[in-house]
Number of protein chains: 2
Amino acid sequence: MRPEQAHSPKRESGDERRAAVAEAARAIIIEKGLEGLRTRDIAERVGINIATLHYHVPTKEALVALVAESLRDDFKAQALRHPKAGLNGADQLRQEFNEFREIVAEMPELIGVLSELVDRARRDKSIADIILPMQAYWTEQFATVYRLGIADGSFRNTIDPAAAAVITTAALYDCWRPHRRDQLDGVFAELERAFSNPSHASQG
Amino acid sequence: MRPEQAHSPKRESGDERRAAVAEAARAIIIEKGLEGLRTRDIAERVGINIATLHYHVPTKEALVALVAESLRDDFKAQALRHPKAGLNGADQLRQEFNEFREIVAEMPELIGVLSELVDRARRDKSIADIILPMQAYWTEQFATVYRLGIADGSFRNTIDPAAAAVITTAALYDCWRPHRRDQLDGVFAELERAFSNPSHASQG
DNA sequence: TTATCAATCAATCATTTGATTGAGAATTGC
DNA sequence: GCAATTCTCAATCAAATGATTGATTGATAA
């Protein structure tokens, strides 16, 4: 979001409105789910009239898609935060875990929004087209790390990178949930053991 | 559900009505999510009047709890299907995977209902009280298998059973989703490799 | 300054929604 | 068989819901 212009009475631009709408909708989804998402509640939370909301985001469907896009964009920004060049597979995996820990710490409740959108993606192709590529991208990041680790010897060479990546992202996603959050570090450690190269370890 | 009594014009009992309501609600949740669950649609699908629905299930909240309970009961029934006595850890793990494959094959779309209820559990304690113990029970099954496998030597002794169980159930759950279903066997195999005992394998 | 377009609003629409009411039908127990 | 109880229904309620309408305001370019 664009920095606020100091005390400007100027109307917000269309993009700013839509960003505010997306943010308000996310907050409400966290509280009430997609099930409880109401256009009037969003308008109220942004501080605009219901007709203004419809002016900027014409339908409720468009609104949910806007939320999905805002989420995708946040994750994209997060993915670019830390470069990984020069690290071996095992170190990159650890870095991915550290980054994930940051996400969980910064956005503890976003799992709620993401999860609701994943559910909707099953039923609504327009949401699937936003959410599934994002998930696939995340999973592919791990597959790449595992391939690198196999090549550099830090992971066992029996790994199926694609399957290992699914296992990893699934476990991380599950540990984002409130009732599993205290198991995050234990799961990180176990994943590292699961994929590390035993002969590498015995050499080290 | 109770076998149908042949051609009996008798009214269905309260329990039968509620079971039919739960089943109808499940079907609608699969199609439209909790977001699109409407009491009138359920009544119509069962073939009863809306007031009759309210007679048997007084509020929408009670209805969602009924769905959660019906799901829990199905899983409980499934869990008792195959005895595991006498198998070592690795074989029990394989049997768990085979059972899970059965569940996915028999109830491919139930992930949709379960997932919606998991999301609601975050926001609604009465649902959490039904769903979370069910999930914890499932996870604990795997932890038990891993502990057994460590003891009998079929799994590596560095495993943290609780963390390994979380990783396992998370991966299986994720592979129940339509877009991941084709990876189920690969993930099974990778999980087996992840936790197997290397010195056991080299002896075998 | 004026015309144009974008944005905003209050009021409103048509329908839906969870739930209720009261009468009648069906079942049960004595 | 009858009274009591359970169950079912059509009609209805009050409020909510996504969305629309038409008037007005704000911003900008000429």
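Letters A, B, ... are given to chains in the order of the sequence lines, protein chains preceding strands, and every chain is numbered from 1. Nothing here was measured: the structure is a model prediction, and the numbers come from that model.
Listed for the R193(B) side chain is a donor-acceptor partner under 3.5 Å among the backbone atoms of T158(A). Using modelled atom types, one side-chain atom of N197(A) and one backbone atom of G153(A) make a donor-acceptor pair closer than 3.5 Å. A donor-acceptor contact shorter than 3.5 Å links the side chain of R181(A) to the backbone of P108(A).
What separates CD of E35(A) from P of dT17(D) is a distance of 12 Å, to the nearest Å. Counting to the nearest Å, the P atom of dT20(D) and the NE2 atom of H56(A) are 16 Å from each other. Between the C1' atom of dT6(D) and the CG atom of D15(B) lies a distance of 14 Å, rounded to the nearest Å. In this structure, I48(B) atom CD1 and dA25(C) atom P are separated by 20 Å, rounded to whole Å. Across the protein-nucleic acid pair, R17(A) atom CZ and dT8(C) atom C1' stand 9 Å apart, rounded to whole Å. Atom-to-atom, OH of Y55(B) to C1' of dT21(C) comes out at 15 Å; the value is rounded to the nearest Å. For the pair E16(A) CD and dG26(D) P, the computed distance is 18 Å after rounding to whole Å.
The closest side-chain heavy-atom distance from D185(B) to R101(B) is below 4.5 Å.
Between the side chain of R11(B) and the base of dT28(C), no donor-acceptor pair of N or O atoms lies under 3.5 Å.
Looking at E190(B) and R156(A), a side-chain N of the basic residue comes within less than 4.0 Å of a carboxylate O on the acidic one, giving a salt bridge.
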What string of B, S and - do you get for nucleotides 10-18 of chain C, 5' to 3', if B is base contact, S is sugar-phosphate-only contact and - is no contact with any protein heavy atom under 4.0 Å? B-B----BB

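The phosphate of dC7(D) (OP1 or OP2) has no side-chain N or O of T52(B) nearer than 4.0 angstrom.
Applying the ring-ring contact (aromatic ring centres under 6.0 Å, His included) rule to F188(A) yields the partners F97(A); only residues at least two apart in sequence or on another chain are considered.
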